[in-house]
Amino acid sequence: MSVPEPKPAEQPALADDVSQVPASATGVLTIDLDALAANWRKLEKTAVPAECAGVIKADAYGCGIPQVARTLAAAGCKTFFVATLGEARTARAALPDTAALYVLDGFFQNTGEDYAAINCRPVIGDLNELAEWDMFCRRTGWKGGAAIHVDTGMNRLGLPPIDAQGMIPRIQSGDHGITLVMSHLASAEQVNSPANARQLATFREVTSVFTGVPAALAASSGIFLGASFQFDMVRPGAALYGVNPTPEADNPMQPVAEIKARIVQLRDLARGDAVGYGGTWTARRPTKLAVLSAGYADGYFRAASSNDGTRGADVIIAGQRCPIAGRVSMDLIAVDVTDLPPKAARRGHFATLLGEGITVDELAHHFGTIGYEVLTNLGRRYHRIYKGGAAAAES
């Protein structure tokens, strides 16, 4: 079966700094592709001799599949993982034909032609899926291969280990069409979790069945559990984008994303004035506020709000941290800038919501979630800037 040539992906506008941002832009999301590539190289070095793949699902954790895929491929990454066929189409258009591309969320009946059309591989975690895939391959002669996902304790996707044992005759036959066997750790970020050892032991039993088939167990945090967890391939995702894969220690990764929001208004409050929905924050002194053009519609969670009893998140204006005043609303955030020097905060200038020392993990703490959710909720209203990496070379 012939595979059609993918269409080239559209290129985003590139800029060097916020001075090149259109005056109409209310917020800016900057993606540092050099930092992304450096993170991949660090993870690759940590996992040697295992291959280091790249997980680019969820629009590459909010950073843009085409730009991230090209950057990782230029850095040397040869295997990529996405969640859906739609993501696979976007990724394939940006990747070399030789790159292996896996779709994590399983194989659906009557989608074999879609996989073959873009030369990508399903990650199969159910015997029904496997039968449907085999039927497609027999009917068409497709030899693109597939991964087998075995559940070693997550209890989410994957074949039970007993079903994997049942594949011994198939693996021994030689032409089995399985290009990878994989599983997923449930508690990899908890270094001392006994679940890690249990899953490792189960996966070792599984890999003994899949003789000669590459194996992959570790994602971002699992890489740092040691060589015994790395097998033939590791599959980092969040760590590539700057999320700390070792939350019990310092973050070894570089930050990749930076968010800025424009100051749309400055206001003077008298002592006792309340701010925002519900009036939950009250000025305890004559106060100057900066109102920023961003909110929870842009992925800046309402949970970062403050009230009279609890300090919320900070933003950075003129190099200094300034606390949020009141509730984060859909499109606006009020910030107390009283302690800044006169005229340090100006209408039309930008405040930093993520970056300049405010990490994705710090934001996640204020949002009551994890860095993964922060990145994958980055709003589409931001003007995007890609700096460094493959994007700079192509520009």
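In this chain, numbering begins with 1 at the start of the sequence shown.
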Do [X] and [Y] have side-chain heavy atoms sitting under 4.5 Å apart?
X	Y	value
Val206	Val181	yes
Phe301	His366	no
Val21	Ile385	yes
Gln265	Leu292	no
Val82	Leu101	yes
Trp133	Trp142	yes
Pro245	Pro236	no
Phe367	Glu373	no

(message) Going by side chain to side chain contact (heavy atoms under 4.5 Å, CB included), name the residues that satisfy it together with Gln254, two or more places apart in sequence or in a different chain.
(response)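 For Gln254, the residues satisfying side chain to side chain contact (heavy atoms under 4.5 Å, CB included) (neighbours in sequence not counted) are Ala35, Ala38, Asn39.
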(request) Could I get the full list of side chain to side chain contact (heavy atoms under 4.5 Å, CB included) partners for Pro49, not counting sequence neighbours? (result)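 Side chain to side chain contact (heavy atoms under 4.5 Å, CB included) check on Pro49 returns nothing, list empty.
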Rounded to the nearest 0.5 Å, how far does [atom2] of [Y] lie from [atom1] of [X]?
X	Y	atom1	atom2	result
Met135	Cys137	CE	SG	11.0 Å
Leu157	Ile124	CG	CD1	12.5 Å
Leu217	Arg204	CG	CZ	10.0 Å
Thr376	Leu378	OG1	CG	7.5 Å
Thr26	Ile263	OG1	CD1	13.0 Å
Asn196	Leu225	CG	CG	5.0 Å

Salt bridge between [X] and [Y], side-chain N to carboxylate O under 4.0 Å?
X	Y	value
Arg139	Asp134	no
Lys260	Glu356	yes
Asp273	Arg284	no
Asp114	Arg89	yes
Glu362	Arg321	yes

Nearest heavy-atom neighbours spanning [X] and [Y]:
X	Y	result
Ala60	Ile65	N-CG1, 3.5 Å
Leu180	Tyr102	CB-OH, 3.7 Å
Met233	Ala53	SD-CB, 4.0 Å
Leu159	Ala164	CD2-N, 4.5 Å
Ile324	Ala304	CD1-O, 3.8 Å
Met154	Leu185	CE-O, 3.6 Å

(message) With ring-ring contact (aromatic ring centres under 6.0 Å, His included) as the rule and sequence neighbours excluded, what pairs involving residues 200-232 come up?
(response)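 Qualifying pairs, neighbours excluded: Phe203-Phe231.
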So which pairs with a foot in [range] pass salt bridge (charged side-chain N to carboxylate O under 4.0 Å, His left out), sequence neighbours left out?
range	result
residues 36-64	Asp59-Arg380
residues 223-249	none
residues 172-201	Lys143-Asp175

If you measure only the distance, is there a donor-acceptor pair under 3.5 Å linking the side chains of [X] and [Y]?
X	Y	value
Thr84	Asp105	no
Tyr382	Arg384	no
Thr246	Asn244	yes
Thr152	Ser183	yes
Asp361	Thr359	no

(message) Could you check whether atom NE2 of His365 has more than 12 heavy atoms from other residues, nucleotides or ligands sitting under 6.0 Å from it?
(response)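 At most 12 heavy atoms, drawn from other residues, nucleotides or ligands, come within 6.0 Å of this atom.
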(message) Let's go through Asp336 and Arg285 carefully: what are the C-alpha distance in whole Å and the side-chain angles of both, what is the deciding distance for salt bridge (charged side-chain N to carboxylate O under 4.0 Å, His left out) to 0.1 Å, and is it a yes or a no?
(response) CA-CA 11 Å; Asp336 184 350; Arg285 58 179 176 171; 3.7 Å; yes
(request) For Val103 and Glu87, run side-chain contact (heavy atoms from CB on, under 4.5 Å): C-alpha distance rounded to whole Å, both residues' side-chain angles, the deciding distance at 0.1 Å, then the answer. (result) CA-CA 8 Å; Val103 179; Glu87 292 177 346; over 6 Å; no
(message) Classify the ring geometry of Tyr372 against Tyr61: parallel below 30°, tilted from 30° to 60°, perpendicular beyond 60°.
(response) tilted
(request) Please find out if less than 6.0 Å separates the ring center of Phe136 from that of Tyr115. (result) no
